[in-house]
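Here is the structure we will look at, set down as structure tokens.
Treat the numbers as computed from the prediction; the structure is a model and nothing was measured.
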Amino acid sequence: MDKDGQPVLDGDGNQKIGYLEKACPKLTKRDHGSWYYSIELPPGPNGKRLPRAKKGGFRTKTDAAAEAEKVWKLAKGGVDVLSEETVADYLRRWFAKRVDLKKSTRKGYEDYIERVFIPYLGGTKLLSLRTRHIQGMFEKLWADNEVHAENHRRAHLAVAAERAAHTAWKDCVERPRPRELRQAWEDAKVALKEARALPWQVTGPGTQVKMLNTLSGALQDAVEEKLIAENWTKGVVLPKYVRPKPLVWTPARIEAWRQTGEKPGKVMVWMPEQTGEFLDAVAEHRLYPMFHLMVFRGLRRGEAVGLPWAETDLTMGTVHISEQLVASSYDVWEDTPKSESGERTIKLDSETRTLLQLWRERQDQERAEWEAHAKEWKRSGLVFTWDDGGAYHPEYLSQVFMRLIKKLDLPPVRLHDLRHCAATLSLAAGLHMKAIQTLLGHSSYSLTADTYTSVLPQFEEAQAEAPLALVPRRSPARREVAQAPGEQPAVPIEEGSDVPTEDAA
């Protein structure tokens, strides 16, 4: 525009395009134009002059000056204020260098980065990332959780509808069966397929904490690299997460479960009677020695299935936990224990020791039979194997366990919960919490103590009765006070006692 506000044309009659800057005749109007800053940055590490830092779009000069001052301070502090790296580029670069992580941890990090962080934050410049962006990511995650939970509910309803339609068609005595019954079943199968295709994974509070910790670790490295000024995860607020503590299957809880089908807690532990019922029922099962080992000595699933004979000393009656088999979907790999304290030597009880001796004899016999038929026996070196010597898939063990307890109509627990059975049984038997920490391979005493504050009811009853024994009383009946108001005490008060009489009162 010229000074009269008319467009400036070139020789061909087209409007010229350019920056008028201070020459713009409308600049004096409060709602026209914006401010920008342009500052000279400190020289780079090699003393080379850097390009000027520029940014526009500020409504006032004060805003532009304030932002320029922030950028200048960041640059003076060593932050690369000219970086164009996005959150996606940085997270992938950061993940690629984390060769120090265990394989299972790397899989978890990769899932968080590709499934959550990058879709929500990936396009944002790392320099522009703020707490509000991360908080917004989790708020979107919570909204998705509600949708996914509803999808999960609908999928369960679709399963029930498909089974009902199939049963109606299968049990129909009319011949030929009515075509509408078959069509109803086909429609139900299509509806079930569509329902299962919808996203249903709900990200719980515990996983959200892990996500935030992962992102915090990545951004803390960015701070140390002088890529950003501060770790923007520190102000993020998440739902409170409380680690689930084991609850015991008491008769009342079992009755409620049978009526409603709902577990009272995420982590459940059998009473000794239920544990004994399970072990008695599966005594002839191939995996019985493994179940017995997990119930009484607290091995993790991966530790049990990955236990080698080389670390099993039946003469001394010990097993040394130094490796495990880890599963993720169909992939299985050897790894070290979950933590440094997870590497431990466990003393075997006499019954488990005998079971392992018998199991070794059976495994030797199976190997001889395979080799007698000119079949290759897999020399995995593991204690618990298939009859061909091959290793079990950890997930297979969980599936077998769940089928067994369902068949036996026992209250449900996970295979991993047999560790909790071992802990609570040991605690009730009088073992010190420190010994239980060592048995389970926990990384800290507090973890063990906090987890097993809920123990077997009979042990809790003994704890409740213990203080009574410390207070000396004259009456063996402990002065029962189940008398009506106004009655004389069960034990008469001696003359001269300083207890006031009824008249004195």
Checklist entry - Would a distance-only check, ignoring hydrogens and angles, find a side-chain to backbone donor-acceptor pair under 3.5 Å from T207 to T203? => result no
Checklist entry - Within a radius of less than 6.0 Å around CZ of R179, do more than 12 heavy atoms belonging to other residues, nucleotides or ligands occur? => result no
Checklist entry - Hey, is the main chain of A256 close enough, under 3.5 Å, to the side chain of T260 for a donor-acceptor pair? => result yes
Checklist entry - For the residue pair V269 and P246, what are the closest heavy atoms and their distance? => result CG2-CB, 3.5 Å
Item to check | Full working for side chain to side chain donor-acceptor pair (under 3.5 Å) between W377 and D388 | outcome: CA-CA 5 Å; W377 195 82; D388 66 351; over 6 Å; no
Next on the checklist: Quick check: do Y120 and H133 have side-chain heavy atoms less than 4.5 Å from each other?
Outcome noted: no
Checklist outcome for this item: Of all heavy-atom pairs linking Q274 and M271, the shortest is OE1-N, 2.7 Å
Checklist entry - Step by step, would you call V305 with L397 a side-chain contact (heavy atoms from CB on, under 4.5 Å)? => result CA-CA 9 Å; V305 76; L397 301 180; 3.8 Å; yes
Next on the checklist: Less than 4.5 Å apart, side chain to side chain, heavy atoms only: is that true for V159 and R196?
Outcome noted: yes
Checklist outcome for this item: T345 and H320 have their tightest heavy-atom pair at OG1-ND1, 2.8 Å
Item to check | Pairing of K125 and E84 as salt bridge, 4.0 angstrom limit | outcome: yes
Item to check | Close side-chain approach of V223 to L219, heavy-atom, < 4.5 Å | outcome: no
Checklist entry - Does the R182 side chain pair with the main chain of R177, one donor and one acceptor, at a distance under 3.5 Å? => result no
Checklist entry - What's the spacing between Q183 CD and D187 CG if we round to 0.5 Å? => result 4.5 Å
Item to check | Cation-pi check, K189 onto W185 ring (under 6.0 Å, within 45° of axis) | outcome: yes
Next on the checklist: Keeping E303 on the side-chain end and I321 on the backbone end, is there a donor-acceptor pair under 3.5 Å?
Outcome noted: no
Checklist entry - Could R379 and E371 be called an ion pair, given the rule that one side-chain N must be under 4.0 Å from one carboxylate O? => result yes
Item to check | Reference residue I346; test side-chain contact (heavy atoms from CB on, under 4.5 Å); the match among L439, L440, T318 | outcome: L439
Next on the checklist: Whether R414 engages the ring of F401 as a cation-pi pair (distance to the six-membered ring centre under 6.0 angstrom, angle to the ring normal within 45°) should be assessed.
Outcome noted: no
Next on the checklist: Measuring from atom NE2 of H420 to atom CG of L425, what distance do you get when rounded to the nearest 0.5 angstrom?
Outcome noted: 13.0 Å
Checklist entry - At what distance, to the nearest 0.5 angstrom, does CG of L408 lie from CG of D280? => result 10.5 Å
Checklist entry - What distance do R300 atom CZ and R419 atom CZ have between them, rounded to the nearest 0.5 Å? => result 4.0 Å
Checklist outcome for this item: For G389 and S380 the tightest heavy-atom approach is O-OG, 2.8 Å
Next on the checklist: Salt bridge or not between R301 and E395? Use side-chain N to carboxylate O under 4.0 Å.
Outcome noted: yes
Item to check | Closest contact, heavy atoms only, L410 versus W257 | outcome: O-CH2, 3.8 Å
Checklist entry - Any donor-acceptor pair under 3.5 Å linking the side chain of Y90 with the backbone of L126? => result no
Next on the checklist: I need the I118 CD1 to T124 OG1 distance, nearest 0.5 Å.
Outcome noted: 11.5 Å
Checklist entry - Would E114 and R92 satisfy salt bridge (Lys or Arg N to Asp or Glu O under 4.0 Å), going step by step from the backbone distance to the final call? => result CA-CA 9 Å; E114 299 295 338; R92 287 181 174 133; 3.0 Å; yes
Next on the checklist: More than 12 heavy atoms of other residues, nucleotides or ligands under 6.0 Å from NZ of K266: yes or no?
Outcome noted: no
Checklist entry - If we only count heavy atoms from C-beta on, is the E230 to Q220 side-chain gap below 4.5 Å? => result no
Checklist entry - Using the benzene-type ring in the case of Trp, are the ring centres of H148 and H152 under 6.0 Å apart? => result no
Next on the checklist: salt bridge (Lys or Arg N to Asp or Glu O under 4.0 Å) for R98 and D100? Distances and angles first, verdict last.
Outcome noted: CA-CA 5 Å; R98 291 303 307 270; D100 58 318; 2.8 Å; yes
Checklist entry - Could you go step by step and tell me if N213 and S216 meet the side chain to side chain donor-acceptor pair (under 3.5 Å) rule? => result CA-CA 5 Å; N213 290 340; S216 177; 5.9 Å; no
Checklist entry - Are W386 and Y396 an aromatic pair by the rule of ring centers under 6.0 Å? => result yes
Checklist entry - Should we say atom NZ of K407 is surrounded by more than 12 heavy atoms from elsewhere, each under 6.0 Å from it? => result no
Checklist entry - Just wondering, more than 12 heavy atoms not from K210 lying within 6.0 Å of its NZ? => result no
Checklist entry - Are N151 and P199 close enough that some pair of their side-chain heavy atoms sits under 4.5 Å apart? => result yes
Item to check | Pair K107 + D111: basic N to acidic O under 4.0 Å | outcome: no
Checklist entry - Counting distance only, does the side-chain N/O of W270 pair as donor-acceptor with the main-chain N or O of V248 below 3.5 Å? => result no
Checklist entry - Taking the inter-plane angle between the rings of W142 and F138 on a 0 to 90° scale, is it parallel (under 30°), tilted (30 to 60°) or perpendicular (over 60°)? => result tilted
Item to check | E150 bridged to R153 by N-O distance under 4.0 Å | outcome: yes
Item to check | Heavy-atom closest pair, residues L293 and L348 | outcome: CD1-CD2, 3.8 Å
Checklist entry - Is the F291 to F278 ring centre distance short of 6.0 Å? => result yes
Checklist entry - Do the side chains of W94 and D221 get nearer than 4.5 Å, heavy atoms only? => result yes
Checklist entry - Can you tell me how far the CG atom of D387 sits from the CD atom of Q365, to the nearest 0.5 Å? => result 11.5 Å
Checklist outcome for this item: side-chain contact (heavy atoms from CB on, under 4.5 Å) with H292: of L287, L356, L418, D349, only one passes, and it is D349
Next on the checklist: Under the criterion salt bridge (Lys or Arg N to Asp or Glu O under 4.0 Å), I'd like the reasoning laid out for R93 against E225: C-alpha separation, chi angles, the key distance, then a yes or no.
Outcome noted: CA-CA 13 Å; R93 179 170 63 85; E225 284 187 43; 3.4 Å; yes
Checklist entry - Are the side chains of E366 and E361 in touch, meaning some heavy atoms are under 4.5 Å apart? => result no
Checklist entry - Would a 4.5 Å heavy-atom cut-off, applied to side chains only, mark T385 and K378 as touching? => result no
Item to check | Side-chain donor or acceptor of W309 paired with backbone N/O of L382 under 3.5 Å | outcome: yes
